[in-house]
Amino acid sequence: MTLTTKAETLRPVPYVLRDKWQETADTWSMALEPAEAWLQADRGEPGQFNMLWAFGVGESAISISGPTHGTGPLVHTIRACGNVTRKLCAMKAGEVVGLRGPYGKPWPIESLKGRDLIIMAGGIGLAPLRPVVYHILANREDFGRVSLLYGARRPEDILFANELSGWRGRMELDVLITVDAADSSWFGNVGTVTRLVRRNPFEVDGAAALVCGPEIMMQYSAQTLLDAGMNQDSIWVSMERNMKCGVGLCGHCQVGPEFVCKTGPVYPLERIANLLATREM
Amino acid sequence: MSHDVFKADSKLPDRLLVALREQGYTTIGPTARDGAIVLDEIHASADLPVGLREDQEAGHYRLQARRDEAVFGHTVGPQSWKRYLFPPNHRLWAAKRSGGSFEIKPQHEADHRLAFIGVRPCELAALEIQDRVFFGEEHVDPHYAALRTRAFIVTVNCAEAAPTCFCGSMGTGPRAEDGYDLALTEILGRGRHEFLVEVGSERGATLLEALELKPAGKDALEAARKKAAELAGSMTRRVETDGLAEALMANLEHPHWAKTAERCLACANCTMVCPTCFCSTVEDVADLSGDHDERWRRWDSCFNSQHSYVHGGNMRPTIRSRYRQWLTHKFAGWIDQFGTSGCVGCGRCITWCPAAIDLTEELAALRGAVTT
């Protein structure tokens, strides 16, 4: 029997919280496994999200942040900032959460084979991009040069810090990190993530960029990439909106004609550029 | 299916109600209550708004006595049929904790049959628009689907238009040519009180058989069509739909949005009375034991500040952006999403706006020369 957590029912199914670990002061990662053996999870694809449910509190749309290949638990990274996410982050190993999904359009990884990739992330926006990195590392020969440009607010807000160092150490991808505000412990870059584009000269021809972060960060990142000579059709962004249903029914996630939960969250820049550039859409 | 047309006397509404109830339908129709024409279960023609009309203008609604005994002498009140197929509050499921995990019991889907009596052509168009939303490619709303496929639709063509009506320019009225089981046209004057009955489905034909009505002459249908065309042409409010979607999306920074925002209270009335608006939110309702949780779906509105809330703030913090979202969705986004405008020209949003904002005026102003 296949798990039917998708559009047909809108009813969550039980997943056991196998493990949970703190990433930063307000962010945790959770490893989830189906509570019952017959539930064969759809692991989703990089860029997709699940609706996670805390019993009695509510649901929140959370991107898959772990590997989508293989057989390990499903990993989600959650910032505790609302009722649902605070409750989810406070849960203990062994407790059960509800899950339905995966929803949304993934990053177009398969179509990017053979190309150089620029992965730009801001803050928690690194979480929906991490499955892309896992996919690349598992299929390294499929891709050209890969650069990960990451911006966080402060050094202590850097997500997956150990993993980032590990990736840098493996020399399989360029990892550049910057922070908006540094303290005396920080010896790295200071400033916006767009500056890293200039610090990391790349061959424009054939390159593709995947961008995820706050909307203003995505807007300026896209502009920087365009200024560097990239075309709109080589840039993808992942939008964030309020989501209640995940299937384009409740209306909350709309941006112009788009239901971000259904036609996004990942969009080719050319499709969303005008909406992204209009304030308060 | 042949377009059979019959003639009936003023007893038709009662006879229809009896026949539908005998077939097990719950009959829903317009009725006067609290100074407005609302929708509720009706049992007999006496429950209909006999001899009443509505006085409607922007921000204004009053019931008035008619000089005749028309039972469908009104147009549209504040409620629309969506409240039956897409209820304002609807439980989606109930869950209980069980052995460290949880069990979810799906909502028992409605198995009753509704008959909608007095669906105006614009409202019929609204039902067809909501069909496109709730019978989605990825998700079919089970409650909507269960009730909608079984619903018996008695359309009533309009003989009069309210000043707020603009179905003529939206192409949704004042006469329906299909999409119903039965369509009535009420004819009054010189002591006559009759109905023209048109058959739109097998279901409709079967129901009519028992009533043994006399066929109407071909000229009766022609006369009804002619009157409807005249009525459509007489509507003073209108929306120029040609190129409207493109014009709106090209004018997202038009200064007129800010002017409208000065008047708009973001009260959400327009979205509540709109027969096509479909936004909803969900709420988990837990009991004190913490062992039971119910998921309730409730109507929501893009005018509510929480509608676009993500961590850190609201994507549309200003009324300007919320009004723009509503109007551009209705007349532009809807077409991309569902292949149809989201507006049927019923005029409810004009009547029930406490600030008397008239979207036909807004749309005309937004197509104005100023483009920034």
Residue selection (most heavy-atom pairs with chain A, distance under 4.5 Å) from [options]:
options	answer
B:G100, B:S321, B:C302, B:G290	B:S321
B:V133, B:D291, B:D293	B:D293
B:T281, B:D336, B:D141, B:V285	B:T281
B:E294, B:M249, B:R297, B:H292	B:H292
B:S308, B:S280, B:A286	B:S280
B:T318, B:N314, B:I335	B:T318

Decide if atom [atom1] of [X] counts as having more than 12 heavy atoms of other residues, nucleotides or ligands within a radius under 6.0 Å.
X	atom1	answer
B:K96	NZ	no
A:Q22	CD	yes
B:F338	CZ	yes
A:R153	CZ	no

Atom [atom1] in [X], atom [atom2] in [Y]: separation rounded to 0.5 Å?
X	Y	atom1	atom2	answer
A:T278	B:E253	OG1	CD	6.0 Å
B:Q107	A:R11	CD	CZ	10.5 Å
A:S60	B:H311	OG	NE2	9.5 Å
B:R295	A:L10	CZ	CG	9.0 Å
B:F134	A:L249	CZ	CG	5.5 Å
B:I104	A:W53	CD1	CH2	4.5 Å

Establish, from distance only, whether the side-chain atoms of B:Q325 and A:E280 form a donor-acceptor pair under 3.5 Å.
no
Indicate whether the side chain of B:D300 and that of A:H252 have a donor and an acceptor atom separated by less than 3.5 Å.
yes
At a 4.5 Å cut-off on heavy atoms, which part of [X] comes close to chain A: side chain, backbone, both, or neither?
X	answer
B:A332	neither
B:H307	both
B:Q306	backbone
B:T328	neither
B:R97	both
B:Y144	neither
B:D287	neither

Taking the side chain as C-beta and beyond, is there a heavy-atom pair between B:Q337 and A:E258 under 4.5 Å?
no
Flag side-chain contact, heavy atom, 4.5 Å: A:P12 against B:W93:
yes
In terms of heavy-atom contacts, B:V310 and A:N242 come closest through CG1-N, 3.2 Å
Taking all non-hydrogen atoms of both residues into account, name the closest pair between B:C279 and A:G251 and its distance.
SG-CA, 3.7 Å
Of the backbone (N, CA, C, O) and the side chain (C-beta and beyond), which part of [X] lies under 4.5 Å from a heavy atom of chain B, both, or neither?
X	value
A:M281	both
A:R279	backbone
A:V16	neither
A:E215	side chain

Relative to chain B, which of A:K244, A:E240, A:Q254, A:R79 shows the most heavy atom pairs under 4.5 Å?
A:Q254
Are there residues of residues 339-348 of chain B whose heavy atoms fall under 4.5 Å of chain A's heavy atoms? If so, which?
none
Check the orientation of B:F102 and A:F55. Use parallel for under 30°, tilted for 30 to 60°, and perpendicular for over 60°.
tilted
